[in-house]
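Inspection log for the structure reproduced underneath, given as structure tokens.
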Amino acid sequence: MAENKEVNPVEEKKGLNFIQQIIANDLKEGRNGGRLNTRFPPEPNGYLHIGHAKAICMNFGTAKMFGGTCNLRFDDTNPVKEDVEYVESIKEDIKWLGFDWSDREYYASDYFPKLYDLAVRLIKEGKAYVDMQTSEQIAEQKGTPTKAGVASPFRNRPIDESLDLFDRMNKGEFDEGAYVLRAKIDMASSNMHFRDPIMYRIIKHEHHRTGNQWNVYPMYDYAHGQSDYFEGVTHSICTLEFEVHRPLYEYFVKELAKDDYCPRQLEFNRLNLTYTVMSKRKLLQLVKENLVSGWDDPRMPTICGLRRRGYTPESIKSFIDKIGYTKYDALNSVSLLEHSIREDLNRIAPRVSAVINPVKVIITNYPEDKVEMLPMENNPEDENSGTHEMPFTRELYIECDDFKEEAPKKFFRMSVGNEVRLKSGYIVKCTGCKKSATGDIEEIYCEYDADTRSGMPGSERKVKGTLHWVSARHCKDVEVRLYDRLFNVENPAEEKDKDFRELLNPDSLKVLNNVKVEPYLAETAKVGDHFQFQRIGYFTVDRDTTTDKLVFNRTIALKDSWEKEKGK
RNA sequence: UGUCUUAUGGUGUAAUGGUAGCACUGCAGUUUUUGGUACUGCCUGUCUAGGUUCGAAUCCUGGUAAGACAACCA
């Protein structure tokens with residue numbers, strides 16, 4: 001599988017992370033014939049999350065940077081937890097992120113025969129033996145990090161006997177747990193992984209690819225390095241928790257490696273995000289207990305969740321780029337991710353008008369039947385984005401929050417006696433309002449200045465505030481979903497004494513059913529489209545699976561300094 | 001009471017023995033038909049004690065703190 005491929009000589013080390021620098025050196029020294037082949041090796045036991053995106057960017061991105069290749073390998077050595085559903089979702093998410101493994105799609109399960117043969121060889125060479133103790137006994141004998149282990153009574157089982165037992169293990173003659181194949185290394189090693197690690201265990205569960213063909217399955221430590229070797233992987237880049245496994249990786253790989261080719265494991269720090277749970281086990285629990293709507297719930301840190309929420313591949317990659325790769329156990333602020341999506345959406349999302357919490361405004365000196373189609377810029381950040389038309393009429397809706405009968409200090413929005421501009425429309429002066437018995441504002445009255453329509457000479461006049469609005473007669477009602485962080489503690493992983501479910505934010509989802517939007521939006525929105533609702537936030541179009549209706553997911557709110565000021 | 005790894009502003013990251021820089025956050029301001037965006041400025045940093053060196057964030061030693069490792073998970 002290894003092919004000789006030219007790689008780009010990257011002489012300049014600027015801009016390379018520490019792993020890429022090591023790779024640049026290896027290439028310079030001509031290691032592995034100057035080849036670069038990385039791999040992304042997910043176990044198909046769950047959906048990919050943003051932590052995987054970091055690994056994907058490292059493996060695919062680095063290979064691309066040097067002109068090497070990156071394999072997609074499914075690490076499917078434990079049939080109990082794995083499923084094709086996950087295989088398919090993983091492939092979809094990698095593609096969506098913009099990476100391509102071409103035809104380099106591999107499965108650790110494809111190597112079961114080779115791995116089995118190698119295991120037989122190791123038994124014959126006296127480097128492995130079949131143990132028949134319980135997992136408790138084996139754990140007991142393993143010792144602790146500070147206390148050496150003791151040898152299994154089966155450690156010196158005759159080779160022929162181990163060979164025979166291993167064969168019968170695979171033929172299905174024994175129950176799960178009855179026997180294991182262990183590497184004979186060093187029960188006193190300071191590295192726990194060297195204390196005769198288990199290479200094979202009996203599992204009688206249908207495998208999603210090999211069916212019931214096998215009754216023994218290799219463990220990660222034995223399978224991973226060998227799989228890398230079989231594929232011609234040169235740099236096996238993984239996260240820091242595998243650092244302690246590296247000597248064992250090297251131990252097993254040495255059994256195959258030749259002078260001119262030996263894969264190498266390198267480790268970087270995994271992603272930790274504030275207010276975010278990244279553990280696959282816990283994410284699975286959220287899904288199973290219906291605490292979220294599924295793996296793709298827009299509050300989930302999964303790739304598909306972020307996609308539905310409205311995150312773009314560019315924003316995720318830009319975020320990964322910003323946080324970098326080191327060996328320091330960091331806790332990254334989710335605000336950096338939020339910055340990345342605002343940055344991208346500000347660039348690409350068309351501006352539309354929507355009123356979340358409407359109150360009626362009547363322009364008393366505007367003719368009742370008149371409708372003016374006012375042009376509105378689609379995106380001031382993009383000159384080529386053009387305009388769309390919005391109907392202006394005597395009766396409008398504005399945001400409840402945008403009116404106060406009497407303006408507090410530094411309040412620049414509508415208040416009685418003051419002028420504001422209606423975005424892309426006229427300057428209006430508020431003349432009064434109608435209140436209910438309980439004091440709620442029912443209607444607001446304004447007079448418009450006909451000379452101040454946007455684009456006219458009289459529109460030069462400056463007023464402090466600009467408000468977004470929709471025509472009461474033309475606007476449509478849509479469903480909007482406001483998402484907030486799923487957890488309300490900064491570092492949920494650190495709250496070890498608490499059940500993580502207690503840390504869930506009860507207000508992480510708010511559904512608003514009657515948000516008034518301009519007709520243009522209602523007519524043009526398609527699933528996956530991004531929009532900026534003026535002054536409110538970025539929204540992405542989604543489809544409700546039960547009602548089949550379009551809904552708008554809030555990706556992220558706009559920054560609003562007035563909101564902060566109110567909070568003070 | 002072991003082995004391995006790490007330590008640079010509030011956060012994340014750069015500086016590869018030679019001027020501690022960048023991004024985010026926060027604060028202040030300028031522009032603005034979005035209190036957004038953009039732009040400008042400000043705040044804040046080499047864990048600690050020694051050593052090597054003309055010169056140390058960088059190399060060495062001790063200390064301190066943090067993380068990983070004791071699954072028939074990956």
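Note on naming: letters A, B, ... go to the chains in the order of the sequence lines (proteins, then strands), and numbering restarts at 1 for each one. Side chains are part of it too, since the values below use all heavy atoms of this structure and drop only hydrogens, waters and symmetry mates.
Checked for salt-bridge contact, A:R413 and A:D401 miss the test: no charged N lies under 4.0 Å from a carboxylate O. Using a cut-off of 4.0 Å between Lys/Arg side-chain N and Asp/Glu carboxylate O, A:R461 and A:D451 are scored as not salt-bridged. Looking at A:E231 and A:R39, no side-chain N of the basic residue comes within less than 4.0 Å of a carboxylate O on the acidic one, giving no salt bridge. Between A:E243 and A:K327, at least one side-chain nitrogen of the basic residue sits less than 4.0 Å from a carboxylate oxygen of the acidic one, meeting the salt-bridge criterion.
Nearest nucleotide to the A:K327 side chain, out of B:G12, B:U6, B:C72: B:U6. Side-chain proximity of A:I138 to B:C72, B:C73, B:U33: nearest is B:C72. Of all nucleotides listed (B:A74, B:G36, B:G12), B:G36 comes nearest to the side chain of A:S561. Of the candidates B:A71, B:G36, B:C4, the closest approach to any side-chain atom of A:K559 belongs to B:G36. Of the candidates B:U25, B:G36, B:G35, B:G36 carries the atom nearest the A:L558 side chain, counting heavy atoms from C-beta on. Relative to the side chain of A:R201, the nucleotides B:A74, B:A23, B:U33 differ in distance, and B:A74 lies closest. In the set B:U5, B:A70, B:U33, B:U33 carries the atom at the smallest distance from any side-chain atom of A:S459. Among the nucleotides B:C4, B:U25, B:A23, the one closest to any side-chain atom of A:K322 is B:A23. The side chain of A:E381 lies closest to B:G36, out of B:G12, B:G36, B:G35. With B:G36, B:G35, B:C24 as the choices, the nucleotide that has an atom nearest any side-chain atom of A:L336 turns out to be B:C24.
Ring pair A:Y249/A:H245: centre-to-centre distance not below 6.0 Å. Ring to ring, A:F539 and A:F552 are not that close: their centroids are 6.0 angstrom or more apart. For A:W562 and A:F412, the ring centers are positioned 6.0 Å apart or more. Between A:Y200 and A:Y179, the distance separating the two ring centers is not shorter than 6.0 angstrom.
Distance, A:R413 CZ to B:G35 P: 8 Å, rounded to whole Å. Distance A:M414 CE to B:G35 C1': 16 Å, rounded to the nearest Å. In this structure, A:E338 places its CD atom 13 Å from P of B:U37, rounding to the nearest Å. As rounded to whole Å, 12 Å separates atom P of B:U32 from atom CD of A:E460. Here the P atom of nucleotide B:U37 and the CD atom of A:E377 are 17 Å apart, to the nearest Å. Following rounding to the nearest Å, A:I348 (CD1) and B:G36 (P) show an atom-to-atom distance of 21 Å. In this structure, A:D329 atom CG and B:U11 atom C1' are separated by 14 Å, rounded to whole Å. Between A:Y328 atom OH and B:G45 atom C1' there is a gap of 13 Å when expressed in whole angstrom units.
Ranked by how close their nearest RNA chain B nucleotide is to the 5' end, A:L467 and A:F18 are led by A:F18. Of the two residues contacting RNA chain B, namely A:N332 and A:T466, the nearest-nucleotide position lying further toward the 5' end is that of A:N332.
As judged by a 4.0 angstrom heavy-atom cut-off over every strand, A:Y217 is placed among residues making no nucleic acid contact. Here A:Q133 lies in heavy-atom contact (under 4.0 Å) with a base. Residue-level contact check: A:H193 touches the backbone only, with heavy atoms under 4.0 Å from sugar-phosphate atoms and none from bases. In this structure, A:L422 reaches neither bases nor backbone, as no heavy-atom distance under 4.0 Å exists between it and the strands shown. Across all strands shown, A:K410 has heavy atoms under 4.0 Å from base atoms, whether or not it also approaches the sugar-phosphate. A:G455 comes within 4.0 angstrom of a base, heavy atoms only. Note on A:Q534: a base of the nucleic acid sits closer than 4.0 angstrom, heavy atoms only. Across all strands shown, A:Y426 has no heavy atoms under 4.0 Å from either base or sugar-phosphate atoms. Among the atoms of the strands shown, base atoms are found under 4.0 Å from some heavy atom of A:R351. A:N191 comes within contact range of no nucleotide atom at all, as no heavy-atom separation falls under 4.0 Å.
A 3.5 Å limit on both hydrogen-bonding distances identifies no Watson-Crick or G-U partner for B:U44. Within the shown strands, B:C39 is the pairing partner of B:G29 under the Watson-Crick or G-U definition, both distances less than 3.5 Å. In this structure B:A49 sits in a base pair with B:U61, meeting the Watson-Crick or G-U test at under 3.5 Å. The partner of B:A23 is B:U11, judged by Watson-Crick or G-U wobble contacts that both fall below 3.5 Å. Summarising the base pairing, B:C4 is matched to B:G67 through a Watson-Crick or G-U wobble pair whose two defining distances lie under 3.5 Å.
Here, B:C47 and B:C42 have their C1' atoms 27 Å apart, quoted to the whole Å. B:A20 and B:U46 are spaced 8 Å apart, taking the C1' atom of each and rounding to whole Å. When the P atom is compared between B:U11 and B:G26, the two are found 15 Å apart, to the nearest whole Å. Between B:C39 and B:U6, the two C1' atoms lie 38 Å apart (nearest whole Å). Distance noted for atom P between B:C22 and B:G45: 15 Å (whole Å). On the C1' atoms, B:A7 is 14 Å away from B:G63, given to the nearest whole Å. Taking the P atoms as reference points, B:A23 lies 39 Å from B:C4, given to the whole Å. Between B:G67 and B:G18, the distance separating the two P atoms is 33 Å to the nearest Å.
Listed pair A:T274 / B:U11 fails the phosphate criterion, with no side-chain N or O lying under 4.0 Å from OP1 or OP2. The shortest distance between the side-chain N/O atoms of A:N269 and the OP1/OP2 oxygens of B:U13 is below 4.0 Å. Regarding contacts with the backbone of B:C24, a side-chain N or O of A:H339 is found under 4.0 angstrom from either OP1 or OP2. A close approach under 4.0 Å does occur between a side-chain nitrogen or oxygen of A:K462 and OP1 or OP2 of B:U33. Phosphate contact (OP1/OP2 of B:G67, side-chain N/O of A:R270, threshold under 4.0 Å): absent. The side chain of A:T326 contributes an N or O atom lying less than 4.0 Å from OP1 or OP2 of B:U13.
Between the base of B:U34 and the side chain of A:R535 there is no donor-acceptor pair shorter than 3.5 Å.
In summary, of the residues considered (A:K184, A:R182, A:R155), a salt bridge (Lys or Arg N to Asp or Glu O under 4.0 Å) with A:D131 occurs for A:R182 alone.
The closest donor-acceptor contact from the side chain of A:R421 to the backbone of A:G425 lies under 3.5 Å.
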